[in-house]
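Note sheet for the following structure.
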Amino acid sequence: EIWSTPPPMNTNIRVSLPAVCFVWQIAMIILFGVFIRYNEESDVRKWIEFKHSHNITSDIENDFYFRYPSFQDVHVMIFVGFGFLMTFLKRYSFSGVGFNFLIAAFGLQWALLMQGWFHSLDPNTGKIYIGVENLINADFCVAGSLIAYGALLGKVSPVQLMVVTLFGVTLFAVEEYIILDLLHCRDAGGSMVIHAFGGYYGLAISWVLYRPNLHQSKRLNGSVYHSDVFAMIGTLFLWMFWPSFNSAITAHGDGQHRAVINTYLALASSVLTAVAISSMSQKRGKLDMVHIQNATLAGGVAMGTAAEFMITPYGSLIVGFCCGIISTFGYVFVTPFLEKYFKIQDTCGIHNLHAVPGMLGGFVGAIVAAAASVEVYGREGLIETFAFEGDFATRSVLTQGGYQAAGTCVAITFGLVGGALVGFILKFPIWGDPADDNCYDDEVYWEVREQRSNSILQERNNIFDTKVLCHSCIATFTHDTFV
Amino acid sequence: EIWSTPPPMNTNIRVSLPAVCFVWQIAMIILFGVFIRYNEESDVRKWIEFKHSHNITSDIENDFYFRYPSFQDVHVMIFVGFGFLMTFLKRYSFSGVGFNFLIAAFGLQWALLMQGWFHSLDPNTGKIYIGVENLINADFCVAGSLIAYGALLGKVSPVQLMVVTLFGVTLFAVEEYIILDLLHCRDAGGSMVIHAFGGYYGLAISWVLYRPNLHQSKRLNGSVYHSDVFAMIGTLFLWMFWPSFNSAITAHGDGQHRAVINTYLALASSVLTAVAISSMSQKRGKLDMVHIQNATLAGGVAMGTAAEFMITPYGSLIVGFCCGIISTFGYVFVTPFLEKYFKIQDTCGIHNLHAVPGMLGGFVGAIVAAAASVEVYGREGLIETFAFEGDFATRSVLTQGGYQAAGTCVAITFGLVGGALVGFILKFPIWGDPADDNCYDDEVYWEVREQRSNSILQERNNIFDTKVLCHSCIATFTHDTFV
Amino acid sequence: EIWSTPPPMNTNIRVSLPAVCFVWQIAMIILFGVFIRYNEESDVRKWIEFKHSHNITSDIENDFYFRYPSFQDVHVMIFVGFGFLMTFLKRYSFSGVGFNFLIAAFGLQWALLMQGWFHSLDPNTGKIYIGVENLINADFCVAGSLIAYGALLGKVSPVQLMVVTLFGVTLFAVEEYIILDLLHCRDAGGSMVIHAFGGYYGLAISWVLYRPNLHQSKRLNGSVYHSDVFAMIGTLFLWMFWPSFNSAITAHGDGQHRAVINTYLALASSVLTAVAISSMSQKRGKLDMVHIQNATLAGGVAMGTAAEFMITPYGSLIVGFCCGIISTFGYVFVTPFLEKYFKIQDTCGIHNLHAVPGMLGGFVGAIVAAAASVEVYGREGLIETFAFEGDFATRSVLTQGGYQAAGTCVAITFGLVGGALVGFILKFPIWGDPADDNCYDDEVYWEVREQRSNSILQERNNIFDTKVLCHSCIATFTHDTFV
């Protein structure tokens, strides 16, 4: 039977991967040389002038001190959080954490340029001036593509992932420009622009790349004991630092403070309901690691838009409560359903952790924005929170709510359409993706020195050795006895 | 012999665990709706008013920027530190990190309410106003119950752990109110209110729940190579961030600064003496991972009260020096002694890491407070450090020292009496706890997909296979030769 | 053959290790008692006076709030970053993370004293006044010795490591004094004083301690699957927090801000080129975990000097680009070459990650300093960035560049000469180092409870069991049939 399978696909990436890395990195150097400069808070000359002209007496007023601790927490989420969450497969941990590392480092440079061109290009000088907030936004932008990787985990080559990231970052910058600048939505923690977009982007790619014979790799599509513990490192760093994620670029002072409280509460609440549904869904009430690793985070995703609003502490608890339930239900029922009836193979279940909670978060944000009042926010606070200034000075909160809902739809549309297009690009047979019986296997793209101990192969070898030994000792025996 | 054991206990928690989670979370939503509001630094309207009324010109004065980095470090200690420290058992890592996650998320909500009612209920409005300091205190409050979990690790069900946490948080809030408000003790890092209380609380519960036949699970009460490495993740994050723990709620400026220096030094010192005693206690001077994982942290526990005082850098080194020795001695001699003669089964050795160093830390704090002088602190500094204001304006440092010592005794008493009571509640046969021969085993409460490779069972199977093979090949041989 | 090897060396450290720990820690307590005091920002009395005398109205001006988040990131790099990076060996993870922990805690106390005597001894009082910046510098100082440990990993005893650290910290403080104070170099992130020094220090020690028969431990000098995943924890925390490392002690405001941006970009760039070269160097383009774990960090090392300068964002990308290539080439070609022709056994390849990128970083810093101009920095900015004050008020940027280059040479010289001397000290047969066939094995210095499953021994046993079974069943068979 093993001989009847087609010859293995060409997974040799010795030319394509280095070529993409080098070409891309050289392009980045040139584009950075042309466009990127320090901003007035990171350039020594400008900061001295800025302090003089703004009567600033202390360096502590530099935005660095408002945002750097949050930036580092976000950075940990991107590299350790996403990376280790994807180490749960028994023989795909190298790729989970390693390719996440590669595409994040690759994407954040492109994100600085794309977001710079759309948001902070100085029309006079033609330069993009960057500071710590740009670094946070670049990390955010990359998160969309890392989410998409979650659906594709184990089924694509690193070169394909770089294509996913290249287009993912590009699409992100455009949809973000439409949502935040043109529609003037608020989305500090990215329920819409990061999670809904990234989730549907990954699902659409996965739909196009559907593999009908993926069951041939079924033996590797699962965890072992310690790989599940590794994944908990990712889960916990995501869970702990999500308050920093949702508050990293909100308004100084009360804005960051409130976003942290709201996210902290929503996350706590979704742990309780994720555990409850996980226990109910299994015989004898046993918990499933997949649910604990993922659904406990749904509250953070769903608070991405509303965290900076006056949603109230109990409102945050309610959001976490509902999303913990919905997300766990998704893992139990929807993911198998999507695979069976919609031909979507979603390795990490991003549908349940990012796509749906992100979409819900967008609509929660719309409702909370529409319900805002001068009584609660104060007149000045309302203007500050929703940036009702300039062209948008006369917008009502109800209109704002409508635009927030529209923004969510834009994000989903960009994800679905963009993902489908990128999926078709990835179908060209030039990217070195693995064969169906070779998925979820690090040995395709990594030097794995160790023998696969405890694997089926190993056991087969043991049995083989035993047989040989038996035969040889019997042979000896017969020879000794009868000859 | 295996047939003579009683039928396995009912560990089915498919009703009880979801029921507790849902009832509790709904109760939290209702109580938060009634009581919890943003405070003047996290509410957009109030913060704008606060800035106007207090002539604050910069958002950097928001308490958020003084405390958020420390909060996140404490958060990491609670979830990754405590969680991964408890992954050291060979087949209980899921429960170690997973149940820690569950009960911390569960307890911190209740802590916000309990501590709010006792400490920050506004008598005019009947509301509790929360900000980042409340989040830190909620994490602290939960730590008491997580410490207790350390003694119970492997022997209780998640439902029992939620009972432990519910009562633990309640008792904590009461003893904290007595110690900090009524006795007016200082205990910023919680040697007394967190560690001494939590340690004795867990030991008392463990004493009531004594299992005379626990040796039936002996095969699982130990580590494997990689589970010990996982536990080091917990150890190191606790060790590194303990300076943030002890400084998170101390006075702005010099208070936080000094608490960090003192804790950093005490921790460094206890590493050296823990290593020394560990090496001395084993043949050929080999180190024991249990000591390195735990006793190295004793200096941080013992500085919980005195860290904010002017204990001097060398004073901190001395505290760490002594506690590293005492704690390691505890692991070598006292834990086996307690089990044999006091019927206390203390899985993680919290007696040596929390109970005793916490108690010592309380007394160190008493001595350092009693020795405080105007010469060292300055008059203003003395008032600031010990909050000699209002009703306590005339208290002498000597009296303060006496009250600090009394506070330590209150914490221990609350732990022992409260723990005994909670232990009796946990003896009801309704909580789904495991049988004696089923302890320390994740498979009781978790879906564990993987076979236990390398286990005795596996090895038995191998031998069995070999036998079958031998017999079959010999059968073949005899058939071929003789028939 | 196994009987012809000499009797195993005496690795009993039951006297020497505790003795060194106790003597050392007691000496530290005495010296701290004599010399170390809180500085004016961590002493309650002095801080109140300092605020009055400097017209400071807010505690946020305390240096604590400028530097503490960066300090904690550096702390994580030292203990988790370096520690877990060294867990990659299959049976040396305890020692990798555990001895790193021990010598860092040991060294940082000595560093506070040594650096204090050289840099911040108050000539009037004879005291060293410490604050958060001293803690950062102590962590930095220890890093030099931890780098050296990377070359020695698996081949030395913990007592030897304490000797390495004792002399390493001492040499560090002297070379740092020469480079920063006498030559007036700038080296905020320590390309020269930390990485070049530490790298060559470790290589020189390793050269003296050359073991011609180290191949006897070859079976243990490699990774297993999960030990490589553990090492990625170290890699990622180093990679993520390197911007904090290079900015931790730079100037407030724009200095810290710019150092973060530059380091972030250089690191991202070196990931891409490290991946490219790794893929090119293996058949079928497979990636090598050793390269991903190490060479991706080269950009951070190489930006240690120039990060605070106006190197420009694209300049940072170029530095990362080149160092990612050079470092990966080093792992592929230079490390085997050094072992074969120069008798240098460099377990972690510190030559490629620290020595060479550190040296290059020193020269990059020299070039960027020499190219500084009033046009770019402004007059005030130039003085601020290069501290052209006091004795150095008239120094030109070109001269500064020359001194920077000279400083790099001083660091390398100190590393090579100091390392050779320390190496000879370590050759005395009193330190309990392991025999050649016992290297890379935790069981020499740690109680390892678990049997080595999956090891060669285990496999031999299996085969042996099978043989016995075969013989016995055949014996049974012959007895049954013929008797």
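Lettering of chains follows the sequences in order, A, B, ..., and the numbering in each one begins at 1.
Contact of C:Val374 with chain A is made through the backbone alone, with heavy-atom distances under 4.5 Å. For C:Phe309, the part sitting under 4.5 Å from any heavy atom of chain A is the backbone (N, CA, C, O) and nothing else. Interface residue C:Gln282: backbone and side-chain heavy atoms are both found under 4.5 Å from chain A. Using a 4.5 Å cut-off between heavy atoms, A:Phe35 does not touch chain C at all. Of the two parts of C:Ser244, the backbone and the side chain both hold a non-hydrogen atom closer than 4.5 Å to a non-hydrogen atom of chain A. Interface residue A:Val444: only backbone heavy atoms are found under 4.5 Å from chain C. Looking at C:Ile56, neither its backbone nor its side chain comes within 4.5 Å of chain A, counting heavy atoms on both sides. Only the side chain of C:Thr296 comes within contact range of chain A, judged by heavy atoms closer than 4.5 Å. If you measure heavy-atom distances from A:Phe50 to chain C, you find no contacts under 4.5 Å at all. Using a 4.5 Å cut-off between heavy atoms, C:Leu382 makes no contact with chain A at all.
Put simply, the side chain of C:His257 gets close to the backbone of A:Val132: a donor and an acceptor are under 3.5 Å apart. For C:Gln256 (side chain) and A:Ser42 (main-chain N/O), no donor-acceptor pair under 3.5 Å exists by modelled atom type. Judged by distance alone, with hydrogens and angles left aside, the side-chain atoms of A:Arg14 form no donor-acceptor pair with the main-chain N or O of C:Lys286 at under 3.5 Å. Judged purely by atom type and a 3.5 angstrom limit, A:Tyr38 uses its side chain to pair as donor or acceptor with the backbone of C:Thr312.
Contacts with chain A (heavy atom to heavy atom, under 4.5 Å) involve these residues of residues 315-322 of chain C, listed by number: C:Leu317, C:Ile318, C:Phe321.
Ring pair C:Phe66/A:Tyr65: centre-to-centre distance below 6.0 Å. C:Phe241 has its ring centre no less than 6.0 Å from the ring centre of A:His75. Aromatic rings of C:Phe237 and A:Phe237 (six-membered ring for Trp) have centroids within the 6.0 Å cut-off, being under it.
Once rounded to the nearest 0.5 Å, the distance linking NE2 of C:His291 with CD of A:Glu447 reads 9.5 Å. With rounding to the nearest 0.5 angstrom, the CE atom of A:Met28 is 11.5 Å from the CG atom of C:Leu265.
Checked against side chain to side chain contact (heavy atoms under 4.5 Å, CB included), A:Ser53 has no partners two or more places apart in sequence or in another chain.
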Expected list for residues 102-110 of chain A: side-chain donor-acceptor pairs under 3.5 angstrom, two or more places apart:
| residue | atom | partner | partner atom | Å |
| --- | --- | --- | --- | --- |
| A:Gln109 | OE1 | A:Gln25 | NE2 | 2.8 |
| A:Gln109 | NE2 | A:Gln25 | OE1 | 3.1 |
| A:Gln109 | NE2 | A:Ala105 | O | 3.2 |
| A:Trp110 | NE1 | A:Leu166 | O | 3.4 |
| A:Trp110 | NE1 | A:Thr170 | OG1 | 2.9 |

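Between the side chains of A:Asp43 and C:Tyr377, no donor N or O sits under 3.5 Å from an acceptor N or O.
Applying the salt bridge (Lys or Arg N to Asp or Glu O under 4.0 Å) test to pairs two or more places apart or on separate chains, those with a residue in residues 254-279 of chain C are C:Asp254-C:Arg258.
In this structure, C:Trp239 and A:Phe79 have tilted ring planes: the angle between them lies in the 30° to 60° band.
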